[in-house]
Amino acid sequence: MSTSTAGTRRFRRSALVGAVVATALGGGAILAACGTGGQDGAGDAGPAKLSVADSYIPLPPAGGMGAGYLTVRNDGGPDQLVKVTSPAAGSVTIHRSTASTMEQVDSLDVPAHGALQLARGGTHLMIMGWQKAPALGDELELDLTFAKSGTISVKVPVKELTYRPGQS
Ligand SMILES: [Cu+2]
């Protein structure tokens, strides 16, 4: 009896340590993936062929911090979104939402013959320092720079806070 109780207690403690290690490893893996910029899949599928769809900016509260969402479609080889700027704002950063918070990332992979989606609850653009407070119906320019394809400029409409793509 007493041996089995001790065994249970020891098991519980090591399970707890295991959980902490797993959390630490998870954080490390995310950092490593951002830092290395991913493996180079050169020669995979030829040059990337990118187009941007479904872009929108939910109306920011009184000119405050805004978010940007869009989909980058790719009919060619792999590429990476490495920078976003806007003549309408002082700062645009790329963010990834995690379970409890969000973190800035340096780049996002655009998979070959796939799509990179920036959507609510996932990766998004964080836009600050508006030249002029955005209003519903404005179209704001975002300049998306890709590692291989160069810069693509898109006019992004400002939508109601509750807007979702697919609604008119
Ligand atoms: Cu964010």
Side-chain angles (χ1 to χ4, degrees), residues 19-41 48 50-74 78-168:
V20 170
V21 169
T23 309
L25 283 177
I30 289 167
L31 288 179
C34 291
T36 56
Q39 325 79 329
D40 194 9
L50 306 181
S51 59
V52 178
D54 293 336
S55 64
Y56 67 103
I57 294 171
L59 183 66
M65 189 187 293
Y69 302 105
L70 52 88
T71 299
V72 181
R73 298 202 182 117
N74 185 6
D79 206 339
Q80 271 190 311
L81 177 63
V82 294
K83 193 172 88 161
V84 184
T85 58
S86 173
S91 152
V92 184
T93 49
I94 306 169
H95 275 200
R96 183 196 338 245
S97 296
T98 66
S100 54
T101 181
M102 56 187 186
E103 60 193 2
Q104 190 175 336
V105 297
D106 291 335
S107 64
L108 293 171
D109 287 337
V110 185
H113 295 281
L116 166 65
Q117 271 193 306
L118 281 70
R120 292 179 191 270
T123 47
H124 55 275
L125 301 175
M126 210 91 235
I127 309 168
M128 287 180 270
W130 302 106
Q131 306 293 338
K132 164 182 161 294
L136 274 184
D138 283 356
E139 300 227 311
L140 304 172
E141 181 180 326
L142 289 182
D143 303 317
L144 312 173
T145 301
F146 297 88
K148 295 178 185 164
S149 303
T151 300
I152 298 176
S153 295
V154 286
K155 291 279 189 188
V156 181
V158 176
K159 299 284 196 178
E160 319 74 75
L161 259 186
T162 53
Y163 173 83
R164 309 237 161 197
Q167 299 174 342
S168 49

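Just so you know, ligand 1 is whichever comes first in the structure, and atom 1 is the first atom listed for that ligand. We use all heavy atoms of the structure for the numbers below, so side chains are in, but hydrogens, waters and symmetry mates are not.
Remark: the backbone N or O of G122 is paired with a side-chain donor or acceptor of H124 at under 3.5 angstrom. The backbone N or O of S149 sits less than 3.5 Å from a side-chain atom of D79, completing a donor-acceptor pair.
At a threshold of 2.8 Å, the Cu ion (ligand 1) has no backbone or side-chain N, O or S atom of S97 nearer than that distance. Among the backbone and side-chain atoms of M126, an N, O or S atom lies under 2.8 Å from the Cu ion (ligand 1).
The Cu ion (ligand 1) is closest to atom ND1 of H95 (considering only N, O or S atoms).
Of all heavy-atom pairs spanning H95 and Q104, the tightest one is CD2-CA, 3.7 Å.
Side-chain contact between I152 and V72 is absent, with no heavy atoms from C-beta onward closer than 4.5 Å.
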